[in-house]
Each structure stands twice: as C-alpha cells, then as structure tokens.
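Please read the structure below before turning to the comments.
Just so you know, ligand 1 is whichever comes first in the structure, and atom 1 is the first atom listed for that ligand. Along the sequence shown, residues carry numbers from 1. Both backbone and side-chain heavy atoms feed into the values below; hydrogens, waters and symmetry mates do not.
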Amino acid sequence: MLIKDALKEENGSYILEKLLKKDKAWLFLNDTLKVPKEYFKIQEKVKSGYPIEYIFEEVWFYGDIFYIKEGVLIPRDDTEIVVEKAIELIKSLEEMGQNRKCKSNYNFPLKVIDCCTGSGVIAIEIAKHTNAKVIATDLSDAALEVAKKNAKLHNMEIEFKKCDLFNENVDVLVANPPYVETSWQKPNDFEPDLAFFGGDDGLDIVKRIIKKAINLKIKNVIIEIGYNQKETLSRFLNNFDCKYQFFKDLGGRIRGVEILFG
Ligand SMILES: C[S@@+](CC[C@H](N)C(=O)[O-])C[C@H]1O[C@@H](n2cnc3c(N)ncnc32)[C@H](O)[C@@H]1O
C-alpha cells in the first residue's frame, strides 16, 4: 500500500506520523512511498477495537498531550467542560481573595482535591491554570502510576493519595467518578470496570462523594455526571442544604453539576 492510500484511511495519517516519526506535510510530499509493514498490524488491532491511545501510549486532553496505558481510563473530551468549570470557580475564589475590599472565607493557596484522578489530567490542568495546591486520589495503583508520570511530564507538583474517595476538608472538590449504570455496555474490554460502573442508576459513587463532602464540610463540589442523571440527582440533592446548578457541554447535553453547600 502507498502512503497516499493509507492517508485516506481512518487514523492512517496519525499512525504513519507516529511510525515514521514524520509530520503530515512530509507524508503528503512522499505519498508515493510504500507504508511500513507495522502499519497493517496496527490498523488491524485498532479495527478489532483496541484503543489507538493505548498503542502509542498518548492522548490529547485540554490542548496537552498525556501519557496513558492499558488499564487506565482514556480521558474523554467530555471531561474538558468539568476542568473549565473547576478552573473558573477556583480563579474566581482566588480573585476574591486578592480583592481586599471583598471578605473571603478562604485561605490561600486554595486546597483542591481531584477525586478519582485516573490519568491525572484534571488535577494537572487545575494545577497548571490556577495557584491552588492540588491533591489527587484514586484506588487504582495503575492509575496513580500513570498520573504521577503525567505530573512529572508536565512539571506539576501534585500530592497523590491512594484512598477510597477522599478523607480531608478542602476548598474545592472536583471529580469525574465512575457514573455509568451497571447494565451499560463498555466501549472496549481494555479500560477498567472500576473507572465506569456506579451501580444500578450509576449514581452510587456520586452520592457517596456528596455525603462525604457534607461530612467533611467541603463547600464547593464539581462532579461530572451522565446526561440522563439530572432528575435523579436533583431529587437526591434536594435533601441537603445546598445550591446546585447543572452544566452542559457544547452539544447542549448535561455533563456535570456544581454544588455549593450552605
Ligand atoms: C471515570 S474515571 C476518571 C479518570 C479521570 N479523572 C478522567 O477524567 O479521565 C474514574 C476513576 O475513579 C477511580 N475510582 C473508582 N472508584 C474509586 C474510589 N472509591 N475511590 C477513588 N477512586 C476510585 C477509578 O480507578 C478511575 O481511575
């Protein structure tokens, strides 16, 4: 097969760029050369359902490139809105702290937890774009190993903890927890169940996070949820002294909730 034919295939350009260590322009200028043998093996693997991110051990998120490996959830574009909301909230609290006329109940730098950190992308982007001190937690050793590697790659200082959810008071808690219904079909067999499933309605862990945040007196909580979970979660949140607001992605679908406890 010639490069020009491979360029017409899905992922063709990306695979060749990675294999040949050349950019797109080079591929177009040399499109009458033959593709290397490995190209076919990789295309076959990808077509059989193996995530391409695991093959090249990299993934783009929030405009940055991160390390990823099999067994750790591949970050999704959907989560970028959660990062955006978290950065917006943290920055507004930081601005309030700088404005002497404005009374702030917070100590600075703010303390933020990214609970269920996975590959660490949320924690790292928050650390990059705010002055907060960031703690990241996960139950999975594989996830924590990848997250630590990513923090090093991006030169960000983050405190990692292996624990069930979180165990301390902070100013802001952010989480993209497992929130998928148990009956749901996973997109592939290579990402871990631990990253997806949250019980029959998917909200078991989300509810545990909310109760724990209340017990630990955490005021600000931002959680990613599924587009169909707004009603169930509203009924649950109405039991507590809090204000909450759901936020949507660019496609207009519910992607998360921002909660302020009284
Ligand atoms: C949906 S993934 C999110 C990963 C990452 N934050 C992201 O947005 O790409 C959920 C993560 O939660 C972790 N997890 C599941 N149950 C947990 C628990 N009880 N305590 C801490 N982490 C947990 C999983 O290991 C997984 O890494």
Legend entry - Centroid-centroid distance, Phe240 to Phe261, less than 6.0 Å: no
Inset, instruction - Give yes or no for whether the N/O distance cutoff of 3.5 Å, strictly under, is met between Asp138 and ligand 1. - result: yes
Legend entry - Cys115 and ligand 1 - part of the residue with a heavy-atom distance under 4.0 Å: neither
Inset, instruction - Compute the shortest N/O to N/O distance between Asp164 and ligand 1 and return yes if it is under 3.5 Å, no if not. - result: yes
Inset, instruction - State whether the shortest distance between N or O atoms of Pro178 and N or O atoms of ligand 1 falls below 3.5 angstrom. - result: no
Legend entry - Leu139 contact mode with ligand 1 (heavy-atom cut-off under 4.0 Å): both
Inset, instruction - Please determine if Cys116 has a nitrogen or oxygen closer than 3.5 Å to a nitrogen or oxygen of ligand 1. - result: yes
Inset, instruction - Using a 4.0 Å heavy-atom cut-off, say whether Thr117 meets ligand 1 through its side chain, its backbone, both or neither. - result: backbone
Inset, instruction - State whether Tyr67 and Lys149 meet the cation-pi test: NZ (Lys) or CZ (Arg) under 6.0 Å from the six-membered ring centroid, and within 45° of the perpendicular axis. - result: yes
Legend entry - Asn176 N/O under 3.5 Å from ligand 1 N/O: yes
Inset, instruction - Could you tell me whether the side chains of Tyr106 and Asn220 share a donor-acceptor contact shorter than 3.5 Å? - result: yes
Inset, instruction - Around atom 1 (C) of ligand 1, find the nearest protein heavy atom and jot down its residue, atom name and distance. - result: Ala195 O, 3.0 Å
Legend entry - Proximity of Leu165 to ligand 1 by residue part, where a heavy atom lies under 4.0 Å: both
